[in-house]
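Here is the structure we will look at, set down as structure tokens.
These values consider heavy atoms only, across backbone and side chains, with no hydrogens, waters or symmetry-generated copies. Numbers for residues simply follow the sequence, beginning at 1.
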Amino acid sequence: IHREIVSRSTELIKFLAGMCDRDDDDVDEEAMTVSSDPAEGGDGGNSQNKYCLQASHLLLAWKTCTNKADAAVSAQIYQLLVSILPSLSPALAIPLIEAIRDSLETANNAGMLSSGSQQKSSGGSVGSGLDRVGSLGISASKSNLSSAGGESNGGRGDHFFEVSEFCCAIAEKMLSENNNANNTNNNNNGNNNQDVGAETTSQEPKGESAVREAILSLQWAVLSHKDALTLKSYESIKRYVSTEICKQDSTTGALRMKFLMHCRTEVAKNASSRNVNDVDETHALHMVLLSKFLLEGYAREEMERLVKYNPQEAEFHFPTLFFKDLMSYMKRRTKVLHSPPTRKPSSTSAAPEFNHAKSLETRLQILRFIYGLPSSGQLSTTQLDHLWSLCVLPGDRETLMAFLANASRPDPGTPRLRPENSMHNVSKLDAAFANNVDVFERLFCSENVGWENLVEGAYRSFREFDACGARDSDRTTDALWRICLKAGDGGVAGRAMSDLLAVYNSPGTVSPSANKDVVGRKDGSKENTDEGGKGNQFSQRIFDCLVQVKEGLERGDRSSERSAERCIRILSAAIERSRGLGGSAGAVAERLETLQQQQQSGSGGSESSPSSSAVVEEYLNLVPHGMRGMYSCNTVT
């Protein structure tokens, strides 16, 4: 068959499809007589115009596509089938769509997406659209199609690429028509607002609803296929499904729930697997993303109802499922720390290279979304401890710290969600967990954070975490000392040093230059630490660090050299910031002002006063040597 023949046959086939809707009175009895033998292409005895388009004709056209004899002819047939699809009756459209869906691997769908006569929804059974077909002899044609397709495709019977091309053609056509309709409605919005509103709320005819349901089921079968991400047309198909799945009608609601239950089953299956070879990690992440994609298709109230904990379905609680999926993934990951999980051989082209960092980040973002909904509850400290114990690699730990810092704060979404939450299609998010002080001190301030291998992103999360009153605690100060001395990244150590000195210089705490044995409490009061309490006492802490450095150097610990250098930097910075010893212009000016006030108050009204040379000497003693030169002098005008 030449593609030109297919192109020129389009109008004829549309005409033959229209003949199916002719009344019996308009057609001769001879024309209505069709063989009752399905093997001869009959309809099993039904009276139907023999000149009209038959379901077997459409199945034969699809068979031509799957034979892969000529790509140009196949592409032309795709366009032909898509162009005539709106004019087909449900008796013709549904068998064609079901035959195309059956071309996919049966194992991929696992019976979850059956849209035949067994599928029922609130809008009626899809099989009701087949009542007009009766006992139409298409089963033999579909059987022949499957057997022929299996031979042409290595005996697998999987024509994923052909089905995806057909779905892409439908998606692009429907999206184009929707855009044109929206433009028309916008242009006429001022004249017929009432008509537009009536059209929006009206229900589809039963037959059209069944066809739309079958089309969406086919699109979902492709979208959720294990090789969907290899398709260039993936985004087009997803965009079309997204526009359709957000509609608020009974048919869409039933489909959305069916698709969501399919995702829930797949996520639960992957969450229960511990064997690396049993799970296709790319597809497992894909199903989690599709679950979130479907949840965001609901209104906020319905979304929160779906994620609310139900004791009767505790094993299918979406927040818990997503958390278990992440935990299972990380446990599988620990078995292959030095290489990404091996992906099963694809039935088509190779999928994009698996990216563990992106996979972990995406799963954590989904946890932020699902636990940010008020009705879903919050992450417990036990769950956070489990996550912390599994994310031990530097990259994993840094990603987890970013998640915790983000999830510790609510996102009111005014005027919009924060950039790290912009992937979520909701207006606001609550904090994902409570007990921030406990989480911050036990995790971020623990000794096993691993600052030797973490970079500035981790310390940014340390600073952005909503720690409430824990910023002034002793554990936070201890953590800052560890970061200053042990951080492998110089930028991290420098920022931690600034924060550490700011803690000591803040109200209610001891100045770094102070030698008094007192420390500041959280409430700003003072506490005596003479009885061996070192706490925030700066000079004692520096001394202890230097002792540890000396012991480390004696043991040959090379990291002690870095700690010694950091101790010197901390001490130098503390002295520089000291009011009594600092060499900054502000510190010098403050000392000079203090001396001036002392001299004025000391002289009082007495006649005796020190000589001018003695006064100058006192002032010069307060000025660092570097500030005494001629380059430090300014002309006063």
Please identify each residue that fulfils side chain to side chain donor-acceptor pair (under 3.5 Å) with Glu561, with sequence neighbours left out.
none

Can you see which heavy atom on Leu59 is nearest to which on Pro95, and at what distance?
CD2-O, 4.0 Å

Can you establish whether the number of heavy atoms outside Lys247 located under 6.0 Å from its atom NZ is more than 12?
yes

Selection residues 420-432 - residue pairs positive for side chain to side chain donor-acceptor pair (under 3.5 Å), sequence neighbours left out
Asn406-Asn421, Asp411-Asn421, Arg418-Glu420

Ionic contact status for Glu235 with Lys238, cut-off 4.0 Å:
no

With a 4.5 Å heavy-atom cut-off, do Val279 and Tyr329 have their side chains touching?
no

What residues, two or more places apart in sequence or in another chain, satisfy side chain to side chain donor-acceptor pair (under 3.5 Å) together with Arg558?
none

Just grab all the salt bridge (Lys or Arg N to Asp or Glu O under 4.0 Å) pairs involving residues 442-455, residues at least two apart or on different chains.
Asp385-Arg442, Asp438-Arg442

Hey, can you tell me if Trp220 and His262 have their rings parallel, tilted or perpendicular (30° and 60° cut-offs)?
perpendicular

Would you say the side chain of Val449 lies within less than 4.5 Å of the side chain of Ile483, judging by non-hydrogen atoms?
no

Minimum heavy-atom distance between Met257 and Leu306, given as atom pair plus value:
CE-CD2, 3.6 Å

Once the angle between the rings of Phe440 and Phe444 is folded into 0 to 90°, is it parallel (under 30°), tilted (30 to 60°) or perpendicular (over 60°)?
parallel

Pairs satisfying salt bridge (Lys or Arg N to Asp or Glu O under 4.0 Å), at least one member in residues 215-224, at least two apart
none

Using the test salt bridge (Lys or Arg N to Asp or Glu O under 4.0 Å), find all partners of Lys173 that sit at least two apart in sequence or belong to another chain.
Glu177

Which atom names give the shortest non-hydrogen contact between Cys468 and Asn436, and what distance separates them?
SG-CB, 4.2 Å

Step by step, work out the side chain to side chain donor-acceptor pair (under 3.5 Å) result for Thr243 and Arg239.
CA-CA 6 Å; Thr243 58; Arg239 189 164 61 251; over 6 Å; no

Test item: side-chain donor near acceptor, Ser233 and Ser236, under 3.5 Å:
no

Ring pair (Phe, Tyr, Trp, His ring centres under 6.0 Å) partners of Tyr371, counting only residues at least two apart
none

For Arg463, all residues meeting salt bridge (Lys or Arg N to Asp or Glu O under 4.0 Å), sequence neighbours excluded
Asp499

Classify the side-chain pair Ser103/Glu162 by whether it contains a donor and acceptor separated by less than 3.5 Å.
no

Lys/Arg cation over aromatic Phe462: Arg471, 6.0 Å, 45° cone
yes

Taking every non-hydrogen atom, the tightest pair across Ile366 and Leu289:
CD1-CD2, 3.8 Å

For Val439 and Thr381 the tightest heavy-atom approach is CG2-CG2, 4.3 Å

Is the shortest heavy-atom distance from the side chain of Phe160 to the side chain of Val163 under 4.5 Å?
no

Does the pair Lys292/Glu296 count as a salt bridge with the N-to-O cut at 4.0 Å?
yes

For Phe166, ring pair (Phe, Tyr, Trp, His ring centres under 6.0 Å) partners two or more places apart
Trp62

Tyr309 meets the ring pair (Phe, Tyr, Trp, His ring centres under 6.0 Å) criterion, sequence neighbours left out, with His317

Taking atom types as modelled, is there a side-chain donor on Asn270 or His283 under 3.5 Å from an acceptor on the other?
no

Specify the closest pair of heavy atoms between Cys167 and Val222, including all atoms of both residues, with the distance to one decimal.
SG-CG2, 3.6 Å

Dump the intermediate steps for salt bridge (Lys or Arg N to Asp or Glu O under 4.0 Å) on Arg101 and Glu98, then the final yes or no.
CA-CA 5 Å; Arg101 186 182 59 80; Glu98 287 185 337; 5.5 Å; no

May I ask you to say whether Glu304 pairs ionically with Arg300, meaning some side-chain N is under 4.0 Å from a carboxylate O?
yes

Restricting to side chain to side chain donor-acceptor pair (under 3.5 Å), what partner residues turn up for Tyr234, sequence neighbours left out?
His286

So, using side chain to side chain donor-acceptor pair (under 3.5 Å) as the criterion, who are the partners of Arg363 when residues are at least two apart?
Asp325, Ser359

